[in-house]
Amino acid sequence: MRLLFTILALFLVSVASFAQDNYDVDLIPSNLRNRANACIRNEETTVDMRSPDNVLLNVKKAITVFNQNGEAQARLVIFYDKNISIKSIKGEVYNSVGKLTHKFSQNDFADMSAADGFSLFVDSRVKHYLPSVTEYPYTLVYNYEIRNKQNLIIPDWTPKPADDVSVEKSTYTFICKPTDDVRIKTQNYTGKPEVITDEKQRKSVWKVNNILAVKPEPYSPARDTYFTNIQIAPKAFYYYNHKGIYTDWKELGKWIYDDLLVARKALPASTIEMIKDMVKNEKTDKDRARKIYQYLQDKTRYISVQIGIGGFQPVAASEVDRLGYGDCKALVIYMQSLLQAVNITSYYCLVSAGSEKKSMDPSYASMEQANHAILCIPLNGDTTWLECTSQKIPFGYLSDFTDDRLVLACTADGGKLLHTPKLTTNENLQIRKAELTLQPDGSIAGKMHTAYTGSQYENQERLIDKPITEQHKLLKETYNIDNIDFEMVSFVQKKDIKPKLVEDITISIRNYAPINGNKMFLQLNAFNVKRSVPEVKNRTLPVYINRGYTDEDTIVYTLPDNVDSELITGQNKTFKNAFGEYTCKASVEGNKLTYYRKFILNDGTFPAERYAEFSKFINDVNAADYLKLAISLKK
């Protein structure tokens, strides 16, 4: 009988093991295949922080790639440096019926520097691997372990990495000492973790199952606002031979200031005297700051330098002064030191930069929320912000890269959350006036004058100082119209806190208004057609408009003699709702046809159920923009 039980037990273990390791694609439930380009069959992430200077990350993952669109999910990318070591990597690839086709190890990975085109010094390297598989579907299974000599930044957990990925099963295990004080931020996780504590460790486990792939919804908020995510930050940390304690932004900002910044501010005495002499005739602190900022732009250039304390500590101001280059951190600390030489207070600020606005979380402080540094000058009643990495950007203008978000100011008194200025709908202007002549053959030619301000200032800023051939090429991308040519191109830049860019161009467009019989078909809006948006049924996410703006176009067409202008009737349209407003109208006086268009889009977050209203508004605008006048020709 005992022998029978033993054989039965071995059989059950064998069956369980087989079931666990069977990667036949047909075993994936149909609902997890729907709309999915890849499916995570199983993922087990374990972070062991019992030793703060020897944190272990172990990842076991099996992912099935259904088609070429899911290929990116199969790419395994691992960063490492002198403080992050890869202990082991191994894996297998299985075909659609779960048959092993080949194995791989660390020797099969490409290994290269993590430097980008702007980087001069980078400690990090990266290993990456993508199986050479041409037959879909297939399953990639791997296991790797990493040792990290710090616990300031703990790997977080986002079990569903993209909309088009489904998840069969995923777990996240965090292990620490029973006495460790950690802060945990949980987002969109229902239930509570399993917590097991004994005298040696505290283990917390989060689990999810059967997360479906979904169709992406246009105008959605940032993915990290609605995906399931777990973040962990220990109170006491060890980081590259530095130790610290923080539970909030004030304490974190204080550590950054004391440990990473203060010792980097010293400048040569000769530079200090030069700066003092340079601004001695300026009357206000703002004028002095403006002159020093121009000096910074003339003297330095941006190059990424990802070395130092985990890439978080700037290169010394004296080195930037000597070499004339630095990354965002170094250029900010250099500008701050130059201002300090003439007793102007400024704050070194960390920000989550990008065209999509993302603020520091007021309720949860952590080091990895920032990816960029800027400078704040708290002048009395006139706080001024500086982007220190650009040689072109105007004094006091941040651009849409860092506007309208909470940032961390690191000061001697500790960290402070400050809000950067917002580029508003009324400030983000594109005002265009054109005078065009419509030829009898349907071609048009003339001059166009466009002024850009606010965030729209950046639309054409890249064209300044480019060779004329390059300007023409980029303009053809901006004005995507068949048969368009540019004869004269001119840009005038007003570099101010509220910058302005003026574009003057002379254009010609062959066969713009096609002729059919005794009719000429003229699309009045030649240059600014709003794209349509898809209709979405059963919308689940809020409607998020990241940035508002205002466009205003006035185009005056001089009509040819063969046009019967008395028969032209304007097609006027007006729409208005919470999302914005739109007006277009046409009028004729003599041989002049004037087209006027104004479009306002408001930023904000709106309930999901209002998407139908939003899509109708945008698609009505699109239809009105494409409207053509059928102009009668004289016999």
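Note that the coordinates shown come from a computational prediction; the quantities given were computed from them, not determined experimentally.
Using a cutoff of 4.0 Å between basic side-chain nitrogens and carboxylate oxygens, Lys200 and Asp198 are not scored as salt-bridged. No salt bridge links Glu92 with Lys103; every basic N to acidic carboxylate O contact stays at or beyond 4.0 Å. For the pair Lys169 and Glu44, the salt-bridge criterion is not met [side-chain N within less than 4.0 Å of a carboxylate O]. Using a 4.0 Å cut-off between a side-chain N of Lys or Arg and a carboxylate O of Asp or Glu, Asp180 and Arg202 do not qualify as a salt bridge.
Asp361 and Ser363 share a donor-acceptor pair across their side chains, judged by distance under 3.5 Å alone. At a cut-off of 3.5 Å, with distance as the only test, no side-chain donor of Glu135 or Ser96 sits close to an acceptor on the other residue. Looking at Ser51 and Asp53, their side chains do bring a donor and an acceptor atom within 3.5 Å of each other. Side-chain atoms of Asn83 and Tyr80 include no donor-acceptor pair closer than 3.5 Å. With hydrogens and angles left out, the side-chain atoms of Gln340 and Ser337 include no donor and acceptor closer than 3.5 Å. Residues Asn546 and Tyr544 have side chains that bring a donor and an acceptor to within less than 3.5 angstrom of each other. A donor atom on one side chain and an acceptor atom on the other are not found under 3.5 Å apart for Ser166 and Glu168. Side-chain contact of Thr420 with Arg405: a donor-acceptor pair under 3.5 Å is absent, judged by distance alone. In this model, a donor atom of one side chain and an acceptor atom of the other lie less than 3.5 Å apart for Glu71 and Tyr136. Side-chain contact of Gln201 with Thr197: a donor-acceptor pair under 3.5 Å is absent, judged by distance alone.
Taking the six-membered ring where the residue is Trp, the centroids of Trp206 and Phe174 are separated by 6.0 Å or more. Between Phe237 and His242, the ring center distance fails the sub-6.0 Å criterion. Within the 6.0 Å centre-distance limit, the rings of Tyr129 and Phe104 are counted as a close aromatic pair.
Each of Leu418, Leu375, Asp403, Val351 was checked for a side chain to side chain contact (heavy atoms under 4.5 Å, CB included) with Trp385, and the lone residue meeting it is Leu418.
Cation-pi contact between Arg183 and Tyr364: present, with separation from the ring centre below 6.0 Å and deviation from the ring axis of at most 45°.
Atom NZ in Lys358 sits 15.0 Å away from atom OG1 in Thr402 (nearest 0.5 Å).
In this structure, Asn37 contributes its side chain and Asn67 its backbone to no donor-acceptor pair below 3.5 Å.
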